[in-house]
Amino acid sequence: MSNPQLSPSPSPSPSPSPSEPSPLKVQMVPKSVSERLLEKFFDVSEYDFDYRKSAIWSPPVRRNVFLTSNGRIISTEKEMLEKLESVTRRRRRGGCILMFLKEICKVITREEGVKMMSRSYTNLLDLAEGNFPVMSQPREKKRLTRVMTVPGVISEPDDDQDNSVSSDVPSSVNQDRIIVVANQLPVIAKRRPDNKGWNFSWDDYSLLLQLKDGLPEEMEILYVGSLRVDVDPNEQDEVSQHLLDKFKCVPAFLPPEIFTKFYHGFCKQHVWPLFHYMLPLSANHGGVNLKLLAMQQMLKQHPKWQGRAVLVQITNPARGTGKDLENTHDELKASCKRINEAFGQPGYEPIVFIDRPVSLSEKVAYYTIAECVVVTAVRDGMNLTPYEYVACRQGVSESESSSESNGPKKSMLVVSEFIGCSPSLSGAIRVNPWNIEATAEAMNEAISMVDAEKQLRHEKHYRYVSSHDVAFWSRSFFQDMERTCKDHFRRRCWGIGLSFGFRVVALDPNFRKLSIDHMESVYLRSKNRAILLDYDGTVMPQTSHNKAPSAEVISIINTLSGDTKNTVFVVSGRGKESLDKWFSPCKKLGIAAEHGYFMRWSSDDKWEVCGQSSEFGWKEMAEPVMKLYTEATDGSSIETKESALVWHHRDADPSFGSSQAKEMLDHLESVLANEPVTVKRGQYIIEVKPQGLSKGVVAEKIFTSMAGSGRQADFVLCVGDDRSDEEMFEIISSAISSGILSSNTSVFACTVGQKPSKAKYYLDDPAEVVNMLQALAEASDPGSLTEYESDISL
Ligand SMILES: O=P(O)(O)OC[C@H]1O[C@H](O[C@H]2O[C@H](CO)[C@@H](O)[C@H](O)[C@H]2O)[C@H](O)[C@@H](O)[C@@H]1O
């Protein structure tokens with residue numbers, strides 16, 4: 001099958017033959033993305049459609065177009081006409097343009113891989129651009145484009161109004177706007193009592209509504225989402241317009257069956273479990289059975305609570321559906337029954353199971369009297385229950401705060417370590433909910449705690465909850481977004497990699513290839529040069545099996561370091577023994593090994609040990625974790641360095657190794673959270689090293705020492721390929737502002753490979769790095785080399 005081909009036509013568009021219907025010129029329709037595609041592929045400069053009069057087509061095609069449709073090639077304009085007419089017959093009134101464009105898009109999509117834009121998507125773009133009706137023009141009100149109506153072909157554009165924005169759009173639409181797209185709009189819809197139309201009001205409890213408290217006052221907020229009610233298609237235009245005018249809301253009308261598929265199907269059964277690494281069943285099994293079992297265990301272990309402790313389990317009605325959920329629900333009921341039968345007494349049931357919808361006020365009432373809240377979810381996004389509970393307990397008046405005493409405000413939380421809010425609640429007792437005994441003990445500890453302790457914990461919780469509200473979240477989200485987008489339009493985006501490895505990277509427009517000629521001329525003019533070279537991936541290809549430097553590299557580095565104007569350092573994560581052995585011929589070379597844990601200024605100098613870190617007890621915690629992953633990941637291994645532990649997965653299966661590495665990084669970070677170490681990713685490695693060790697610190701030491709001895713660097717060349725090298729690049733600007741480098745210093749920070757980097761320059765690979773160094777070596781002064789050194793230099 002051939003691809004669509006375009007070839008210029010020698011003649012202008014032909015007139016219709018007498019047997020063909022004569023064209024009727026009608027209004028221009030606004031250009032949608034599909035139309036722009038049409039233009040692009042057909043070179044159409046005007047449309048001669050009459051879509052109201054069953055689409056008579058005057059061939060606007062100025063080129064011969066060859067399309068493949070249903071396996072057939074349409075090669076002539078006549079065939080095109082027939083195609084259009086057949087399309088039109090399938091839908092006599094309206095929509096023919098859309099249908100036709102859809103056909104074309106389908107063809108283009110199949111053949112060219114061009115994605116067909118959905119209407120919702122283009123409408124969203126329109127909204128972002130401000131293309132929606134303006135309230136201050138009531139008489140010229142334009143119809144709001146529907147985001148979605150009924151399934152099937154959308155019969156637009158079928159009226160006289162286009163949806164384009166005219167040039168006289170009032171300035172109000174040029175203000176900053178944020179579009180909040182959510183499942184449900186923050187409005188409550190109620191049918192009018194006379195059944196004629198709808199009444200709408202804000203849903204004051206909706207978090208979406210509260211978001212605005214954190215956003216700048218002048219920011220316009222537009223909400224896009226569905227309504228909780230089914231609006232008849234005949235009413236949708238009016239409702240859309242009303243919601244936009246009065247509430248700045250754009251409804252997406254989802255027919256119930258689509259809503260069910262999207263929400264209960266795609267969202268709850270696929271996306272949610274996928275993002276939470278769970279099977280749907282295990283998640284629900286959300287907010288419950290583990291907790292009941294823990295309660296049972298607590299009553300058994302601590303009989304003093306029998307007859308006194310009550311667990312009120314509010315189970316929100318499941319948002320999903322299906323047999324699995326029904327079974328889970330039955331299982332929960334059975335557990336409650338079993339526990340109540342085992343420990344219940346006349347007038348006392350240890351479990352109160354509430355599985356009906358509970359109103360907010362009822363929930364608040366329960367929170368207010370609860371001594372403790374237990375959240376044992378094994379995964380969640382952001383469970384707000386603990387926050388709501390703390391806020392309710394703060395609101396309790398002193399006389400209500402305890403049935404036993406009129407003490408101060410208190411709250412106790414037992415929370416799963418796996419839930420999103422767990423790290424933020426420092427006064428909570430954290431548990432692994434799968435460990436039923438530990439959860440039972442935590443529950444006992446929580447309710448047995450002395451009041452003073454409960455009060456202290458409550459104060460901590462409340463301080464956090466009251467300062468980290470929805471407004472705080474939206475403000476920080478907005479700030480992050482602004483920061484991220486700041487340079488967005490300046491940056492160039494590139495697609496790199498293939499298939500699952502495909503990524504889009506944004507590069508600064510100033511990021512460019514290092515010009516060796518330019519650098520060489522600056523090199524020749526300078527007097528005090530600092531040259532900092534990473535090893536692996538920079539002068540040594542990552543793919544090389546023999547990791548020792550070649551004779552060529554040794555010779556170049558030897559020549560560079562032999563020039564008295566130069567201070568040359570190899571700055572590497574590698575251990576000192578190998579670097580010492582490999583670079584033994586380079587007597588004047590400085591070496592920073594293990595990211596600067598060891599430093600030596602020349603082979604005559606002693607190794608200096610970085611003073612900050614002499615405590616390595618953490619290795620005993622990190623090593624077992626690494627061993628666990630090594631056993632589970634074929635091809636991986638552990639490297640023990642004097643200051644660090646490294647887990648290598650270069651020889652493991654690439655995708656498994658990389659996902660294990662991510663998992664291990666998280667694992668190590670949590671295990672070592674209180675240790676003076678950092679856990680970093682490198683090229684196929686996860687490395688744990690002491691805090692304060694970095695190549696950035698090494699660079700700073702070198703620049704400081706040079707400046708201190710009256711030889712402030714006027715030329716800096718810093719080359720590296722890895723994340724650890726970014727720390728060197730980063731330190732350069734602060735070195736200039738702190739004065740250890742001068743603003744006149746010529747800086748050549750260069751990364752290896754085109755990728756986002758703090759470096760301004762790149763070279764493509766280690767071979768180019770070596771060529772560049774060779775050029776500098778040739779421009780160097782060999783005068784100071786010893787006889788032996790001169791012999792081995794090129
Ligand atoms: O700072 P560098 O010179 O880039 O060194 C960083 C790490 O180098 C070594 O690991 C690298 O080489 C391994 C092969 O020898 C390779 O398997 C791994 O993927 C590379 O990252 C060294 O073993 C690490 O300790 C260094 O941190």
Side-chain angles (χ1 to χ4, degrees), residues 531-550 553-554 557 568-583 586 589-600 610 613 619 622-623 626 629-630 633-654 656-658 660-662 664-665 668 677-690 693-699 702 718-731 750-753 755 757 759 763 765-766 769-770 773:
I531 300 177
L532 277 53
L533 305 172
D534 166 51
Y535 186 69
D536 285 276
T538 298
V539 291
M540 169 55 57
Q542 289 284 11
T543 46
S544 172
H545 285 290
N546 180 1
K547 289 294 173 186
S550 63
V553 166
I554 290 290
I557 291 185
V568 184
F569 260 83
V570 165
V571 185
S572 170
R574 284 195 174 266
K576 69 177 181 344
E577 270 72 32
S578 357
L579 295 171
D580 182 32
K581 190 166 123 212
W582 291 336
F583 289 102
C586 308
L589 176 71
I591 296 178
E594 300 197 15
H595 299 107
Y597 182 68
F598 296 110
M599 261 182 93
R600 188 178 78 179
C610 167
S613 29
K619 282 190 178 176
E623 202 172 12
M626 287 192 176
Y629 283 83
T630 311
T633 317
D634 189 33
S636 66
S637 59
I638 301 171
E639 176 191 359
T640 305
K641 298 195 279 195
E642 290 196 42
S643 66
L645 284 179
V646 189
W647 186 73
H648 288 255
H649 62 96
R650 182 177 287 279
D651 298 328
D653 172 85
F656 185 62
S658 142
Q660 289 286 83
K662 277 189 204 138
M664 187 168 86
L665 187 101
L668 284 170
V677 290
T678 55
V679 188
K680 296 263 171 153
R681 276 193 96 153
Q683 298 277 3
Y684 297 97
I685 57 174
I686 298 287
E687 181 153 9
V688 187
K689 61 178 184 178
L693 275 190
S694 85
K695 292 187 180 181
V697 174
V698 172
I702 296 168
C718 186
V719 200
D721 71 310
D722 202 344
R723 288 171 200 229
S724 62
D725 304 311
E726 292 295 315
E727 293 167 345
M728 286 200 279
F729 306 144
E730 210 170 350
I731 210 77
C750 176
T751 189
V752 186
K755 57 182 179 295
S757 170
L763 287 172
D765 51 36
V769 175
V770 173
L773 294 176

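Whatever order the structure lists them in is the order used to number ligands and atoms, beginning at 1.
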By side-chain hydrogen bond (donor to acceptor under 3.5 Å, both in side chains), Lys662 pairs with (sequence neighbours left out) none

closest protein heavy atom to atom 10 (O) of ligand 1 is His648 CE1, 3.7 Å

Exceeds 12 heavy-atom contacts within 6.0 angstrom, atom CZ of Phe656: yes

Note: Val770 and Val539 closest approach over all heavy atoms is CG2-O, 4.2 Å

Heavy-atom proximity to atom 12 (O) of ligand 1 ranks first, among Glu639, Gln683, Arg574, Lys641, for Arg574

A student checking ligand 1 against Tyr535 at a 4.0 Å heavy-atom cut-off should list atoms 3 (O)

Checklist entry - Do Lys695 and Asp722 sit within salt-bridge range, that is, some charged N less than 4.0 Å from a carboxylate O? => result no

- Would you indicate whether Asp653, at its atom CG, is surrounded by more than 12 heavy atoms from other residues, nucleotides or ligands within a distance under 6.0 Å? yes

Ligand 1 atoms nearer than 4.0 angstrom to some heavy atom of Gln542 are 20 (C)

Closest non-hydrogen atoms of His649 and Ala661, given as atom of the first, atom of the second and distance, are NE2-CB, 3.6 Å

Partner of Lys641 under side-chain hydrogen bond (donor to acceptor under 3.5 Å, both in side chains), picked from Glu687, Glu577, Glu594, is Glu687

Among non-hydrogen protein atoms, atom 2 (P) of ligand 1 lies closest to Asp534 OD1, 3.0 Å

Quick note on ligand 1: atoms under 4.0 Å from a heavy atom of Tyr684 include exactly 19 (O)

So the atoms of ligand 1 within less than 4.0 Å of a heavy atom of Lys695 turn out to be 1 (O), 2 (P)

Quick note on ligand 1: atoms under 4.0 Å from a heavy atom of Ser572 include exactly 1 (O), 2 (P), 3 (O), 5 (O)

the protein heavy atom lying closest to atom 17 (O) of ligand 1 turns out to be Arg650 NE, 3.2 Å

Across all chains, not counting sequence neighbours, the side-chain hydrogen bond (donor to acceptor under 3.5 Å, both in side chains) partners of Glu730 are none

closest protein heavy atom to atom 14 (C) of ligand 1 is Lys547 CE, 3.4 Å

Taking only non-hydrogen atoms of Glu687 and a 4.0 Å limit, the atoms of ligand 1 in range are 27 (O)

If you scan protein heavy atoms around atom 7 (C) of ligand 1, the nearest is Ile685 CD1, 4.1 Å

Here the atoms of ligand 1 under 4.0 Å from any heavy atom belonging to Val646 are 25 (O)

Tightest non-hydrogen contact, residues Ala699 and Leu532, listed as CB-CD2, 3.6 Å

Heteroatom proximity flag, Gly573 to ligand 1, N/O under 3.5 Å: yes

Considering both backbone and side-chain atoms of Ser724, is one of its nitrogen or oxygen atoms within less than 3.5 Å of a nitrogen or oxygen in ligand 1? no

heavy-atom search around atom 8 (O) of ligand 1 in the protein gives Asp536 OD2, 3.2 Å

The reported gap from CZ in Phe598 to CG in Leu693 (rounded to nearest 0.5 angstrom) is 10.0 Å

